[in-house]
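Written out below as structure tokens is the structure these notes cover.
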There are 2 protein chains.
Amino acid sequence: MSLNDLDDEVAALLDDADQRYTSSRRRLISALQAGDGPLTITQIVATDASLPQSTVYRNLTILEEAGVVTRIVTSDDFARYELAEKLTGHHHHLICTACGDVVDFSLDAAVEATLDKALDGAAVSAGFTADSHRLDLLGTCRDCAKA
Amino acid sequence: MSLNDLDDEVAALLDDADQRYTSSRRRLISALQAGDGPLTITQIVATDASLPQSTVYRNLTILEEAGVVTRIVTSDDFARYELAEKLTGHHHHLICTACGDVVDFSLDAAVEATLDKALDGAAVSAGFTADSHRLDLLGTCRDCAKA
DNA sequence: AGCAATAGTGAGAATCAGTATCATTTGCGA
DNA sequence: TCGCAAATGATACTGATTCTCACTATTGCT
Ligand SMILES: [Mn+2]
Ligand SMILES: [Mn+2]
Ligand SMILES: [Zn+2]
Ligand SMILES: [Zn+2]
């Protein structure tokens, strides 16, 4: 998805949610788009100092409700946000248990298909209605392995 | 793993960590063993009112450090704990996004093998050292679907 | 353009899950 | 049995996140 298409799609989603696409929200989208994985509030504020913390919190919540971003919770005390899969495509996360950093990765379509089929079976037999799956790899990133 | 074997294994893990297997800790293990998925602190205290909240928090941390229990974070504001996979076997979670409840499920060995292989490839190409994977299904549980 | 009415902003206060403190109790070893 | 280190549990504290509210920006209308 090109930058302009992304922008158009975000605008449409916000419009559907009766929300304006303000300059704070544009800056947030831009910050998230620049990262190679979900970002913490601290990381966002560090990236764009013109964004006050309270505005970041409030607007990320609104963007999440509008389906523009997704909130990711790992094991550390900091929530992370990324653009919704609707905008970036389905993918997974490498989570470093040493430094907390999270980066994206993808699996090939065949593996995803196998997985979806197996998960669908499990959901059905538990009377569970599945919306999506979440698959993370936990371990140590290159930087932390070096140190 | 039988109840006695579980008890022995927990005792051994605590011994390795130079921790005693006290009655509070026995009650915690018992509460976790009784659940069909990871439990919140509130659920544990509700199950066994003889356990003060501060003792539950402290001992769950100690049990986690000893490798006896695992802390699970979903998307709500409450951490959940379950017996470590070392004791219960590898499995996954159905997470209800409506009520927050979490229940266990398993995939068959062939799917796990396919998955592990694909994940290993992804880890290697990212320079990431993987310890384990975490796979959750997000959706709506039977009870919430009814309501 | 002028003028409400409505939406968004941002500094600071409040909330609350989780952690730290510490006086008291427990249980292991000599 | 005694002494001591570990554990307990009531309570205070911490800090990420949420709430408040006076102020500013934008929209829609004439
Ligand atoms: Mn991602
Ligand atoms: Mn489980
Ligand atoms: Zn790392
Ligand atoms: Zn539910």
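Summary of the strand contacts: B/Ser50 and A/Asp77 both lie near DNA chain D, and taking for each the nucleotide with the nearest heavy atom, the more 5' one is attributed to B/Ser50. Nearest-nucleotide assignment on DNA chain C puts the 5′-proximal partner with B/Arg71, out of B/Arg20 and B/Arg71. With the nearest nucleotide of DNA chain D identified for both B/Arg25 and A/Tyr81, B/Arg25 has the one nearer the 5' end.
Within the 4.5 Å cutoff, the side chain of A/Arg26 has heavy atoms near those of the A/Asp7 side chain. At least one side-chain heavy atom of A/His93 sits under 4.5 Å from a side-chain heavy atom of A/Ile72. Two residues are said to be in side-chain contact when any heavy atoms from C-beta on lie closer than 4.5 Å; B/Leu135 and B/Leu115 meet this criterion. Within the 4.5 Å cutoff, the side chain of A/Asp101 has no heavy atoms near those of the A/Leu94 side chain.
In this structure, B/Ile41 CD1 and B/Leu28 CG are separated by 9.0 Å, a value rounded to the nearest 0.5 Å. In this structure, the separation between CG on B/Leu138 and OG on B/Ser75 is 7.0 Å, given to the nearest 0.5 Å.
At the phosphate of D/dT8, OP1 or OP2 sits under 4.0 Å from a side-chain N or O atom of B/Thr22. Not one side-chain nitrogen or oxygen of A/Arg58 sits closer than 4.0 Å to the OP1 or OP2 atom of D/dT17. The side chain of A/Tyr57 places an N or O atom within less than 4.0 Å of a non-bridging phosphate oxygen (OP1 or OP2) of D/dT17. The side chain of B/Gln53 places no N or O atom within less than 4.0 Å of a non-bridging phosphate oxygen (OP1 or OP2) of D/dT11.
Every ring pair (Phe, Tyr, Trp, His ring centres under 6.0 Å) that A/Phe105 has, sequence neighbours left out, goes to A/His92.
Spacing between atom CZ of B/Phe78 and atom C1' of D/dA16 amounts to 14 Å, rounded to whole angstrom units. Rounded to whole angstrom, the span from the CD1 atom of B/Ile44 across to the P atom of D/dG9 amounts to 15 Å. Atom CG of A/Leu14 is separated from atom C1' of D/dT26 by 15 Å (rounded to the nearest Å). Atom CD in A/Glu64 sits roughly 13 Å away from atom C1' in D/dT17 (whole-Å rounding). The interatomic distance linking B/Leu60 (CG) with D/dT8 (P) rounds to 12 Å, in whole Å. Rounding to whole angstrom units, OH of residue B/Tyr21 and P of D/dT8 are separated by 13 Å. The distance between atom CD1 of A/Ile62 and atom P of D/dC19, rounded to the nearest whole Å, is 12 Å. In this structure, A/Asp76 atom CG and D/dT14 atom P are separated by 21 Å, rounded to whole Å.
Taking a heavy-atom distance under 4.0 Å as the criterion, the stretch of DNA chain C touched by chain A extends 5' to 3' from C/dA7 to C/dG12.
Of the candidates D/dA10, D/dC19, D/dA7, the closest approach to any side-chain atom of B/Ser54 belongs to D/dA10.
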